[in-house]
Trainee: 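Encoded as structure tokens, here's the structure I'll be asking about.
Nothing here was measured: the structure is a model prediction, and the numbers come from that model. Letters A, B, ... mirror the listed sequences (proteins, then strands); counts begin at 1.
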Number of protein chains: 2
Amino acid sequence: MRLVIANCSVDYAGRLSAHLPLATRLLMLKSDGSILVHSDGGSYKPLNWMSPPCYITFDEPDQTQTDAGITQVWKVTQKKTDDVLVVSIYDVLHDSSHELGIDPGLQKDGVEAHLQKLLAEQITLLGDGHTLVRREYMTAIGPVDILARDSGGAAVAVEIKRRGDIDGVEQLTRYLELMNRDPHLSPVQGVFAAQEIKPQARTLAQDRGIRCVVLDYDAMRGLDDSDSRLF
Amino acid sequence: MRLVIANCSVDYAGRLSAHLPLATRLLMLKSDGSILVHSDGGSYKPLNWMSPPCYITFDEPDQTQTDAGITQVWKVTQKKTDDVLVVSIYDVLHDSSHELGIDPGLQKDGVEAHLQKLLAEQITLLGDGHTLVRREYMTAIGPVDILARDSGGAAVAVEIKRRGDIDGVEQLTRYLELMNRDPHLSPVQGVFAAQEIKPQARTLAQDRGIRCVVLDYDAMRGLDDSDSRLF
DNA sequence: TATTAGATCTCGCGC
DNA sequence: GCGCGAGGTCTAATA
């Protein structure tokens, strides 16, 4: 990876046309040929960029460009889409290269998966007499985290989140609507289980007849056999 | 902006939980407190990040962490959402800071806006005798891209997309339903106009009596006066 | 390989 | 402030 801090202007032409006026920016060149142009603010999205696979050429400026103060011209092209990004560099304030190697990549959902496993083992946290049917119960629109039955044998669908937000309630609502059409399951009671449930999510859930259960991760972990073996 | 190349592991907990195993990465700290963790590949999206507004603290590792080889612990928190990002740093390979100043920002010319302008100017692409009523015709649920009248004076509502997908047909359907309740407009004919129309979208549109028109962007641009002045 | 639905979406506009 | 629509969306999973 090469990092360059430079005064530059940038032009992009492809699915749209865009221009960045002269200013100081970070140019990040990745080893796959891609390039990112970042300012010192905003979110994770660069001001401009070119996605791989693409090719970059480092050209000398022509006379007109030299007269304007341009010292280097980088041209990045993506052959498939005919996109082109041109970086016109005036002054280079920093330039360094680094070997990073390939990244092992992001592991998602560690805590949520663990919560699901623990709640399946401690299913009576949902209420006395509850029994587990199965985890990741499959429906046409995706798996419900946990399917259980209450003391009376009625179906209970559980959606588990680390943080209970409105979109989680919406997700559970979609599952419930579908499952309640199945005569083998209906009526299905919904349970929204999370370490923390936002007031808006709780209100929405209650409005839809969905029960909210706050999970104590540390307490659940303390009761878990496989965890206690670690100590 | 501060750029750090370091061996590090990263943990995020917020709307989801995620973990990055130990590897060499770029840590970009922006002046608004936000942080981006980039690898030497992939797209413009960082492996992990924290969006502003957020606060960062640089802590000393505890004994357990020190024994594991951790030399610094960065904790980035977003107060509003309770998100937290923890960067555990082992070795620092590069560390530099740079003044970038505020960026003038990106100037862009979107394709959809341009398509709308061009179609308004070349409204007879919808059929002989068509006349423009107005662009961005306002309804209670949002603006219809173009309102026109056909050769017989009947209202025509046009939804323009770069890529014609099912959701675009749904959007137009909602507008038509509303507009057809207005005695001044009814009956309103629907036209779904796009550079490319997906087969499923076309089928749905036809099923609902909505006409499909494929737009040739380059041809339309070639006919446009303001563009031809450039040559 | 193409299509579809989700995203820690982001970004911008209108209210 | 929130909600909605668009994005050079991107990205992963699936047919």
Side-chain angles (χ1 to χ4, degrees), chain A residues 10-20 34-37 41-52 54 76-78 80-85 105-109 111-112 140-143 161-163 165-168 170-171 174 200, chain B residues 10-20 34-37 41-52 54 76-78 80-85 105-116 136 138-145 159-168 170-172 174-175 194-196 198-201 217:
Chain A
V10 182
D11 288 277
Y12 166 78
R15 272 157 287 189
L16 61 73
S17 301
H19 173 72
L20 282 169
S34 62
I35 182 169
L36 282 65
V37 182
S43 68
Y44 69 69
K45 193 176 177 183
L47 293 166
N48 220 322
W49 72 94
M50 188 66 86
S51 305
C54 56
V76 192
T77 51
Q78 210 193 37
K80 284 202 174 181
T81 57
D82 279 333
D83 289 18
V84 59
L85 185 77
L106 189 67
Q107 299 167 3
K108 287 187 181 182
D109 282 335
V111 171
E112 194 178 315
I141 55 171
K161 294 283 175 202
R162 202 188 64 80
R163 199 172 60 199
D165 232 325
I166 278 185
D167 55 350
E170 296 286 7
Q171 189 180 347
R174 290 196 296 272
Q200 288 187 342
Chain B
V10 182
D11 288 278
Y12 165 78
R15 274 157 286 188
L16 61 76
S17 302
H19 173 72
L20 280 169
S34 62
I35 182 169
L36 282 65
V37 182
S43 66
Y44 68 70
K45 193 178 177 182
L47 293 164
N48 219 321
W49 73 94
M50 187 67 85
S51 304
C54 56
V76 191
T77 51
Q78 210 193 38
K80 286 205 172 180
T81 58
D82 279 334
D83 289 19
V84 58
L85 184 79
L106 188 67
Q107 302 164 2
K108 61 172 150 182
D109 170 33
V111 171
E112 189 181 322
H114 202 192
L115 271 177
Q116 189 191 107
E136 302 284 351
M138 207 57 201
T139 75
I141 55 170
V144 175
D145 289 337
E159 177 63 37
I160 300 172
K161 293 285 175 200
R162 201 172 62 77
R163 257 185 346 223
D165 228 326
I166 278 184
D167 55 352
E170 296 286 6
Q171 190 180 345
L172 178 55
R174 290 196 298 273
Y175 288 136
Q195 276 186 277
E196 175 200 355
K198 292 284 167 70
Q200 288 188 341
Y217 185 44

Trainee: Establish, with yes or no, whether the OP1 or OP2 oxygen of C/dG6 is under 4.0 angstrom from a side-chain nitrogen or oxygen of A/Q171.
Mentor: no
Trainee: What is the distance, rounded to the nearest whole Å, between atom CD of A/E112 and atom C1' of C/dA7?
Mentor: 14 Å
Trainee: Calculate the interatomic distance between B/L36 atom CG and C/dC9 atom P; express it in whole Å.
Mentor: 16 Å
Trainee: So what does B/K80 touch, heavy atoms closer than 4.0 Å: a base, only the sugar-phosphate, or nothing?
Mentor: sugar-phosphate
Trainee: Select one nucleotide: of D/dT9, C/dT8, C/dC9, the one nearest the side-chain heavy atoms of B/N48.
Mentor: C/dT8
Trainee: Using whole Å, report how far OH of A/Y44 lies from C1' of D/dG7.
Mentor: 11 Å
Trainee: Can you measure B/D145 atom CG to C/dC13 atom C1' for me and round it to whole angstrom units?
Mentor: 14 Å
Trainee: Under 3.5 Å, side chain of A/Q78 to main-chain N/O of A/S51, donor-acceptor pair present?
Mentor: yes
Trainee: Report the distance from atom CG of A/D11 to atom CD of B/Q107, rounding to the nearest 0.5 Å.
Mentor: 9.5 Å
Trainee: Take B/L106 and B/G42, find for each the nucleotide of DNA chain D with the closest heavy atom, and name the residue whose nucleotide sits nearer the 5' end.
Mentor: B/L106
Trainee: Write down the distance between CG (B/L16) and C1' (D/dA12), rounded to a whole number of angstrom.
Mentor: 14 Å
Trainee: Does the aromatic ring of B/W49 sit over the six-membered base ring of C/dT8, closer than 5.5 Å centre to centre and tilted less than 30°?
Mentor: yes
Trainee: Select from A/S43 and B/L47 the residue whose nearest nucleotide in DNA chain C is closer to the 5' end of that strand.
Mentor: B/L47
Trainee: Ignoring backbone atoms, test whether A/R163 places a side-chain nitrogen or oxygen under 4.0 Å from the OP1 or OP2 oxygen of C/dT8.
Mentor: no
Trainee: Any side-chain N or O of B/R174 under 4.0 Å from OP1/OP2 of D/dG5?
Mentor: yes
Trainee: Write down the distance between NZ (A/K161) and P (C/dG6), rounded to a whole number of angstrom.
Mentor: 11 Å
Trainee: Which heavy-atom pair separates A/T77 from A/M50 by the least distance, and what is that distance?
Mentor: CA-CE, 4.5 Å
Trainee: Using the side chain to side chain contact (heavy atoms under 4.5 Å, CB included) criterion, which residues pair with A/R163? Sequence neighbours excluded.
Mentor: A/D165, A/E196, A/K198, B/R15, B/T81, B/D82, B/D83
Trainee: Expressed in angstrom and rounded to an integer, what is the separation of B/D83 atom CG from C/dA7 atom C1'?
Mentor: 14 Å
Trainee: Remember a base hit wins even if backbone is also touched, and classify B/S51 as base, sugar-phosphate or nothing at under 4.0 Å, heavy atoms.
Mentor: sugar-phosphate
Trainee: Can you check the A/D165 CG to C/dT8 C1' distance for me, whole Å?
Mentor: 11 Å
Trainee: Any base atoms under 4.0 Å from B/Y12, or only sugar-phosphate, or nothing? Heavy atoms, all strands.
Mentor: base
Trainee: Any base atoms under 4.0 Å from A/M50, or only sugar-phosphate, or nothing? Heavy atoms, all strands.
Mentor: base
Trainee: With rounding to the closest Å, how many angstrom separate the C1' atoms on D/dG7 and C/dA7?
Mentor: 13 Å
Trainee: Under 4.0 Å between a side-chain N/O of A/K45 and OP1 or OP2 of D/dG7, yes or no?
Mentor: no
Trainee: For C/dT8, does either OP1 or OP2 sit under 4.0 Å from a side-chain N or O belonging to A/K108?
Mentor: yes
Trainee: Contact between B/L20 and B/V37 at the side-chain level, heavy atoms closer than 4.5 Å - yes or no?
Mentor: yes
Trainee: Do B/N48 and B/L85 have side chains that approach each other closer than 4.5 Å (heavy atoms only, starting at C-beta)?
Mentor: yes
